[in-house]
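Reviewing the structure listed below.
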Amino acid sequence: MDRLRCYSMLGLFSLLLPLFFFVSNAAFNNLSTIPFNQAYAPLFGDGNLVRSPDGKGVRLLLDRFTGSGFISSNLYKHGFFSANIKLPSDYTAGVCIAFYTSNGDVFEKTHDELDFEFLGNLEGKPWRFQTNLYGNGSTSRGREERYRLWFDPTKQFHRYSILWTAKNIIFYIDEVPIREVVRNDAMGGDYPSKPMSLYATIWDASNWATSGGRYKVNYKYAPFVAEFKDLALEGCPVDPIEQVPAAGVCAEKDARLDVQDYSVVTPNRRLAMRNFRQKYMYYSYCYDLLRYPVAPPECVIIPSEKQRFKDSGRLKFGGSHRRQSKRRSRVSVTSSGSNASV
């Protein structure tokens with residue numbers, strides 16, 4: 001009987017072991033945060049941007065008239081960009097909440113970008129989201145991956161972070177690295193290299209966000225509210241036009257980034273990343289042979305993943321992966337004509 005109980009406990013432990021790596025995030029609780037007014041400014045929809053009483057956070061609202069957003073006061077040459085975010089609840093189909101870095105306002109045709117984009121959900125269904133990477137205006141070579149979350153992002157805050165260095169890019173949720181892109185020479189200009197600002201926006205993406213645009217924003221549930229707090233930003237602020245002089249100035253900041261806890265993918269974190277990608281990733285451009293007969297050079301092809309995703313890069317239950325929006329549409333005014341019934 002004792003032996004049977006022991007085997008049962010071992011079986012339970014083996015099931016819970018992967019989850020351990022999802023909840024150990026103490027290291028990210030000690031980040032140095034910056035009050036909203038000291039490092040950020042409204043981007044659009046000022047009336048739908050509500051600062052918290054303590055000045056440490058902000059609420060972004062989307063209604064039938066407009067969305068809203070904010071931008072960092074500076075551009076940064078590499079950095080760590082992070083926030084605790086809580087997403088709107090109930091029916092949010094067609095609503096896109098984006099937390100991303102970009103320099104599209106400065107380099108319109110050759111911009112760089114790193115994205116978290118949350119793609120809305122049907123009531124009672126899990127939120128889905130994607131990460132993406134553009135370098136030097138390579139929007140025709142989208143490098144998106146799509147995933148499900150292992151928790152309800154509307155119930156409490158979770159920390160979403162982007163690390164960008166000269167060597168690699170890591171996307172984090174809490175302390176779980178969900179994606180790493182390691183720079184190599186073959187990427188050329190597709191690796192983001194110019195100074196970027198941090199943005200956060202909420203907007204109407206009815207034409208593509210949820211199930212490829214099948215489900216639209218229903219303003220009966222408005223306003224949709226996304227909350228951001230405990231904003232952390234480490235990096236080297238630079239003038240985007242004077243990039244050469246900034247190289248020496250940023251050397252110390254880059255060295256500081258390289259030794260931070262979040263810059264190291266420990267064995268436990270790598271296992272957590274592998275577990276996440278096996279269980280929750282449902283589209284990867286690296287396995288999409290219809291778009292890329294030859295995988296882009298930064299892709300690390302894992303045989304077990306390749307078998308799961310077949311030739312389309314998608315699992316059977318995944319929705320459309322096509323990105324139909326333009327970057328500027330994130331800050332456009334929404335139309336009441338987008339209203340749709342459930």
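What's counted below: heavy atoms across the whole structure, side chains too, no hydrogens, waters or symmetry copies. The shown structure was predicted, so the numbers you read here are calculated from the model rather than taken from an experiment.
- A salt bridge is absent between Lys253 and Glu234: the closest approach of a Lys/Arg side-chain nitrogen to an acidic carboxylate oxygen does not fall below 4.0 angstrom.
- Tyr287 has its side chain within reach of Ile301: a pair of non-hydrogen atoms, C-beta onward, lies under 4.5 Å apart.
- Panel note: side chain Thr101, backbone Ser197; no donor-acceptor pair is recorded below 3.5 Å.
- The side chain to side chain contact (heavy atoms under 4.5 Å, CB included) test with Met196 singles out one residue from Val106, Ile162, Leu114, Leu75, and that residue is Leu114.
- Using modelled atom types, one finds no donor on one side chain facing an acceptor on the other under 3.5 Å when comparing Asn103 with His111.
- A salt bridge links Arg143 to Asp190: at least one charged side-chain nitrogen sits closer than 4.0 Å to a carboxylate oxygen.
- Side chain to side chain, Asn132 and Tyr134 meet the donor-acceptor criterion of an N or O pair below 3.5 Å.
- Counting only heavy atoms from C-beta outward, the side chains of Leu49 and Tyr40 never approach each other to under 4.5 Å.
- A cation-pi arrangement is not found for Lys56 relative to Phe36, the charged atom failing to lie both closer than 6.0 Å to the ring centre and inside a 45° cone about the ring normal.
- When every heavy atom of Ala83 is checked against every heavy atom of Leu231, the shortest pair comes out as CB-CD2, 3.4 Å.
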| field | Arg159 vs Glu175, salt bridge (Lys or Arg N to Asp or Glu O under 4.0 Å): CA-CA, chis, key distance, verdict | value | CA-CA 8 Å; Arg159 182 163 289 281; Glu175 200 177 339; over 6 Å; no
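- Phe224 places none of its side-chain heavy atoms less than 4.5 Å from the side chain of Tyr91.
- Ion pairing between Lys194 and Asp112 holds under the 4.0 Å rule for side-chain N and carboxylate O.
- Put simply, the side chain of Gln260 reaches to within 4.5 Å of the side chain of Ser263, judged on heavy atoms.
- Contact check for Val265 versus Ile170: side-chain heavy atoms found under the 4.5 Å cut-off.
- A cation-pi arrangement is present between Arg128 and Tyr282 under the rule of less than 6.0 angstrom and at most 45 degrees off the ring axis.
- No side-chain heavy atom of Thr131 sits less than 4.5 Å from a side-chain heavy atom of Asp115.
- Closest non-hydrogen pair, Ile173 versus Phe129, comes out as CD1-CZ, 3.5 Å.
- The shortest distance between side-chain heavy atoms of Ile97 and Leu87 falls below 4.5 Å.
- No salt bridge links Lys167 with Asp254; every basic N to acidic carboxylate O contact stays at or beyond 4.0 Å.
- Across every non-hydrogen atom of Phe276 and Arg148, the tightest pair is CE1-O, 3.8 Å.
- Judged by distance alone, the side chain of Arg183 and the main-chain N or O of Ile169 form no donor-acceptor pair under 3.5 Å.
- The only option from Tyr199, Phe228, Phe44 that meets the ring-ring contact (aromatic ring centres under 6.0 Å, His included) definition with Phe70 turns out to be Phe228.
- Counted within 6.0 Å of CG on Asn184, heavy atoms from surrounding residues, nucleotides or ligands total more than 12; the atom is thus considered enclosed.
- Here the OG-CZ distance, from Ser161 to Phe171, works out to 11.0 Å after rounding to the nearest 0.5 Å.
- Here the options are Phe99, Tyr160, Tyr147, the test is ring-ring contact (aromatic ring centres under 6.0 Å, His included), and the partner is Phe118; only Tyr160 passes.
- Aromatic ring orientation, Tyr76 versus Phe81: perpendicular (interplanar angle above 60°, classes split at 30° and 60°).
- You'll find the side chain of Leu62 reaches within 4.5 Å of the side chain of Val95, heavy atoms only.
- With values rounded to the nearest 0.5 angstrom, Tyr100 atom OH is found 8.5 Å from Glu117 atom CD.
- Within 6.0 Å of NZ on Lys306 lie no more than 12 heavy atoms contributed by other residues, nucleotides or ligands.
- Closest of all the heavy-atom pairs between Arg146 and Gln130 is NE-OE1, 2.8 Å.
- Ion pairing between a basic and an acidic side chain is recognised when a charged N comes within 4.0 Å of a carboxylate O; Arg291 and Glu144 show such pairing.
- Counting all heavy atoms, side chain and backbone alike, Val182 lies closest to Met187 at O-SD, 4.1 Å.
- Residues Ser72 and Asn74 approach most closely at OG-O, 2.7 Å, considering heavy atoms.
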